[in-house]
A.B. asks: 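Below is the structure I would like to discuss, written out as structure tokens.
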Amino acid sequence: MEILQLNSETKQNILEHLLKRSPNHYAGYESRVAEIIAKVREKKDEAVFGFTEQFDGVKITAETVRVTDAEIRSAYEKTDEKLLSVIRKAKENIRAYHEKQRQYSWFDSDERGILLGQKVTPLTCVGVYVPGGTAVYPSSVLMNVLPAKAAGVERIIMCTPPSADGSVYASTLVAAKEAGVDEIYKAGGAQAVAAMAFGTKSIPKADKIVGPGNIYVALAKKAVFGYVSIDSVAGPSEILVLADETANPRFVAADLLSQAEHDVLASAILITTSQKLAQEVSKEIDRFTQTLSRKEIILKSLENYGYILVADTMEDAITAANEIASEHLEIMTADPYEVMTKIRNAGAIFIGEYSSEPLGDYFAGPNHVLPTNGTAKFFSPLSVDDFIKKSSVISYSKEALLEVYPDIVQFAESEQLTAHANSIRVRFEEEETLWQGKQA
């Protein structure tokens, strides 16, 4: 990997270069996605089944689109017992973590007859998209479904593209069953997103759609936002490691490569205060890459979006990390907790040399659905909060409103909203008549 000195120019160039990976820059795909969505809205099942045959080479019908109990039982038989055990352990960690995020309704009242509060209500139906094709990610099933379950969502549906023989990956089905998915449908791509957004005879409409996917899925989610809620329009994966001279170069190199193997658009960045560490990490990356199975993807990713930056001070390194706002941020320094307190922008923060990024991807419990492309400056990881909505609650007695109604009337009339003012004033017509009589 290329080693650069961190300064204002290199930092700005990197920020601009990283933003080119955002789905917001893929306008060339949007018209095709819009066509697919429009056809699904119009033709419903017919369009979904047609696109499934066109893109996945599988003929699906209303009778076969939903995964059956028999298919799920078969998936359990095909799944290695050790993998099933790991899925269940990870499920418990993820469930326990998200249970702590639960929010509850609250109400506050006083002796004047005023009650104010907030009513927390889970979403009724959530749609989860799970990639198929060459991607098999049971971990993503757990991460997207379990927060919704913790929130109390009544109905969770899942869409995933079928394989050429019409089946769904066994580990995907097992993870879905373990997590508590209610219905699974064999549909993928933009057509599946459209089906969950608008509903068809076979696939129900959801209130919110979550889950990863390719550029067509990402742009489809962006297009249906407003008709339904979505989690985010995710970009390619990324990792940033903050390290000083105490860091283990083999650990740092291995962690950078763990993200570079995802995609040729993935980003892997090391910011360090040690020139020696920078050189050692670069050498370790060269060694590891020769033996890793996704070598070609890794090399392309590092060529396009891999950086080793040497900072003059740790404060400079932290400032750069906050500006980049990486999806995953690892801290390998002499005092990682002190550094952590200065981090403002990161999707997930991994502290210390034994807290590598894959721990968060699979097992620890915090969600691995994280903000990308600098959006950690204003977005958070997927959580229970994404699957609830809040209603304000207001109740005033007549006596309580009587004390303040002239203030409300004045405020409304200052905005020339006389019907607003009248809505308050009409409740106190007798009092106004008496008051006007006293004034006369």
Side-chain angles (χ1 to χ4, degrees), residues 40 44-45 48-49 52 60-76 79 84 87-88 90-92 94-95 98-99 101-102 120-132 136-162 166-188 191-213 217 221 224 227-231 367 369 382-389:
V40 171
K44 306 291 184 180
D45 276 351
V48 174
F49 301 156
T52 301
I60 295 293
T61 67
E63 290 71 38
T64 61
V65 66
R66 182 171 172 177
V67 172
T68 65
D69 290 341
E71 288 176 294
I72 293 174
R73 286 194 298 271
S74 176
Y76 271 87
T79 301
L84 179 57
I87 287 173
R88 286 174 172 164
K91 177 186 76 171
E92 181 56 28
I94 297 164
R95 183 203 61 76
H98 289 87
E99 289 282 351
Q101 295 178 336
R102 275 183 165 176
V120 175
T121 308
L123 301 184
T124 301
C125 181
V126 166
V128 178
Y129 185 86
V130 177
V136 189
Y137 298 133
S139 60
S140 285
V141 177
L142 301 180
M143 292 290 184
N144 282 277
V145 174
L146 291 170
K149 294 294 289 187
V153 174
E154 294 177 18
R155 185 183 190 186
I156 301 175
I157 65 171
M158 189 176 97
C159 282
T160 187
S167 66
V168 175
Y169 287 118
S171 60
T172 297
L173 292 183
V174 167
K177 181 67 175 177
E178 290 291 322
V181 174
D182 297 295
E183 303 149 40
I184 306 170
Y185 297 95
K186 300 173 184 177
Q191 62 271 22
V193 173
M196 291 189 285
F198 301 108
T200 72
K201 187 174 182 181
S202 297
I203 302 174
K205 181 186 186 313
D207 299 315
K208 183 163 190 167
I209 300 171
V210 301
V217 170
K221 286 167 67 178
V224 301
Y227 297 99
V228 294
S229 179
I230 63 170
D231 50 354
N367 211 286
V369 181
L382 191 73
S383 72
V384 168
D385 290 351
D386 288 285
F387 300 101
I388 61 173
K389 55 191 179 70

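These numbers were taken from a predicted model, which means no experiment stands behind them. Excluded from the calculations below are hydrogen atoms, water molecules and symmetry mates; all remaining heavy atoms, backbone and side chain alike, are included.
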A.B. asks: Can you name the side chain to side chain contact (heavy atoms under 4.5 Å, CB included) partners of Lys389, sequence neighbours left out?
C.D. replies: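 For Lys389, the residues satisfying side chain to side chain contact (heavy atoms under 4.5 Å, CB included) (neighbours in sequence not counted) are Thr121, Leu123.
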
A.B. asks: Which distance, rounded to the nearest 0.5 Å, do you find between the CD1 of Ile94 and the CG of Asn367?
C.D. replies: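 Rounded to the nearest 0.5 Å, the CD1-CG separation comes out at 7.5 Å.
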
A.B. asks: Restricting to non-hydrogen atoms, name the atom on Val153 and the atom on Thr124 that form the minimum distance, rounded to 0.1 Å.
C.D. replies: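 Between these two residues, the closest heavy atoms are CG1-O, 3.9 Å.
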
A.B. asks: Which atoms form the tightest heavy-atom contact between Ala187 and Ile203, and what is the distance?
C.D. replies: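 Smallest interatomic distance, heavy atoms only, reads CB-CD1, 4.2 Å.
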
A.B. asks: Is any NZ, NE, NH1 or NH2 atom of the basic residue among Glu99 and Arg95 found under 4.0 Å from an Asp or Glu carboxylate oxygen of the other?
C.D. replies: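 Here Glu99 pairs with Arg95 in a salt bridge, since their nearest N and O are under 4.0 Å apart.
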
A.B. asks: What is the distance from atom CG of Leu173 to atom CD1 of Ile72, rounded to the nearest 0.5 Å?
C.D. replies: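 Here the rounded value is 6.0 Å.
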
A.B. asks: What residues form a salt bridge (charged side-chain N to carboxylate O under 4.0 Å, His left out) with Glu71, not counting sequence neighbours?
C.D. replies: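 Salt bridge (charged side-chain N to carboxylate O under 4.0 Å, His left out) list for Glu71, sorted by chain: Lys186.
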
A.B. asks: Any donor and acceptor pair, going by atom type alone, linking the side chain of Lys208 with main-chain N or O of Asp386 inside 3.5 Å?
C.D. replies: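 Answer holds: yes.
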
A.B. asks: Restricting to side-chain hydrogen bond (donor to acceptor under 3.5 Å, both in side chains), what partner residues turn up for Thr52, sequence neighbours left out?
C.D. replies: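 Thr52: no side-chain hydrogen bond (donor to acceptor under 3.5 Å, both in side chains) contacts found.
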
A.B. asks: Going by side chain to side chain contact (heavy atoms under 4.5 Å, CB included), name the residues that satisfy it together with Arg155, two or more places apart in sequence or in a different chain.
C.D. replies: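 Result, side chain to side chain contact (heavy atoms under 4.5 Å, CB included) vs Arg155: Cys125, Ile157, Asp182, Glu183, Pro204.
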
A.B. asks: In chain order, what residues pass the ring-ring contact (aromatic ring centres under 6.0 Å, His included) check against Tyr76, with sequence neighbours excluded?
C.D. replies: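 Not a single residue meets the ring-ring contact (aromatic ring centres under 6.0 Å, His included) criterion with Tyr76.
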
A.B. asks: Minimum heavy-atom separation for Val384 and Gln101, please, with both atom names.
C.D. replies: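 It is N-OE1, 3.1 Å.
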
A.B. asks: If I take atom NZ from residue Lys221 and atom CD1 from residue Ile209, how far apart are they, to the nearest 0.5 angstrom?
C.D. replies: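 Rounded to the nearest 0.5 Å, the NZ-CD1 separation comes out at 8.0 Å.
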
A.B. asks: Does atom NZ of Lys44 have more than 12 heavy-atom neighbours from other groups under 6.0 Å away?
C.D. replies: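 For Lys44, atom NZ is crowded (more than 12 foreign heavy atoms under 6.0 Å).
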
A.B. asks: Kindly indicate, with the supporting measurements, whether the criterion side-chain contact (heavy atoms from CB on, under 4.5 Å) is fulfilled by Thr160 and Tyr169.
C.D. replies: CA-CA 9 Å; Thr160 187; Tyr169 287 118; over 6 Å; no

A.B. asks: Under 3.5 Å, side-chain donor or acceptor atoms of residues 140-151 against the rest of the protein: list the pairs with distances, not counting sequence neighbours.
C.D. replies:
unit_1: Ser140; atom_1: OG; unit_2: His368; atom_2: NE2; d: 3.1
unit_1: Asn144; atom_1: OD1; unit_2: Gly211; atom_2: N; d: 3.4
unit_1: Asn144; atom_1: ND2; unit_2: Ser140; atom_2: O; d: 2.8

A.B. asks: Looking at every non-hydrogen atom in both residues, tell me the closest pair between His98 and Leu382 and how far apart they are.
C.D. replies: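 Looking at all heavy atoms of both residues, the closest pair is NE2-O, 4.1 Å.
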
A.B. asks: State the OG1-OH distance between Thr200 and Tyr185, to the nearest 0.5 angstrom.
C.D. replies: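 Result: 8.0 Å between the selected atoms.
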
A.B. asks: Less than 4.5 Å apart, side chain to side chain, heavy atoms only: is that true for Val67 and Met158?
C.D. replies: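 They are not in contact (no side-chain heavy atoms under 4.5 Å apart), so the answer is no.
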
A.B. asks: Does the Thr79 side chain pair with the main chain of Leu84, one donor and one acceptor, at a distance under 3.5 Å?
C.D. replies: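 A pair under 3.5 Å: no.
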
A.B. asks: Identify the two heavy atoms, one from Ile184 and one from Ala176, that lie closest to each other, and give their separation to 0.1 Å.
C.D. replies: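 Minimum heavy-atom separation between Ile184 and Ala176: CD1-CB, 3.8 Å.
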
A.B. asks: For Tyr129 and Pro161, which heavy atoms make the closest approach, and how far apart are they?
C.D. replies: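 In terms of heavy atoms, the two residues are closest at OH-CD, 3.7 Å.
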
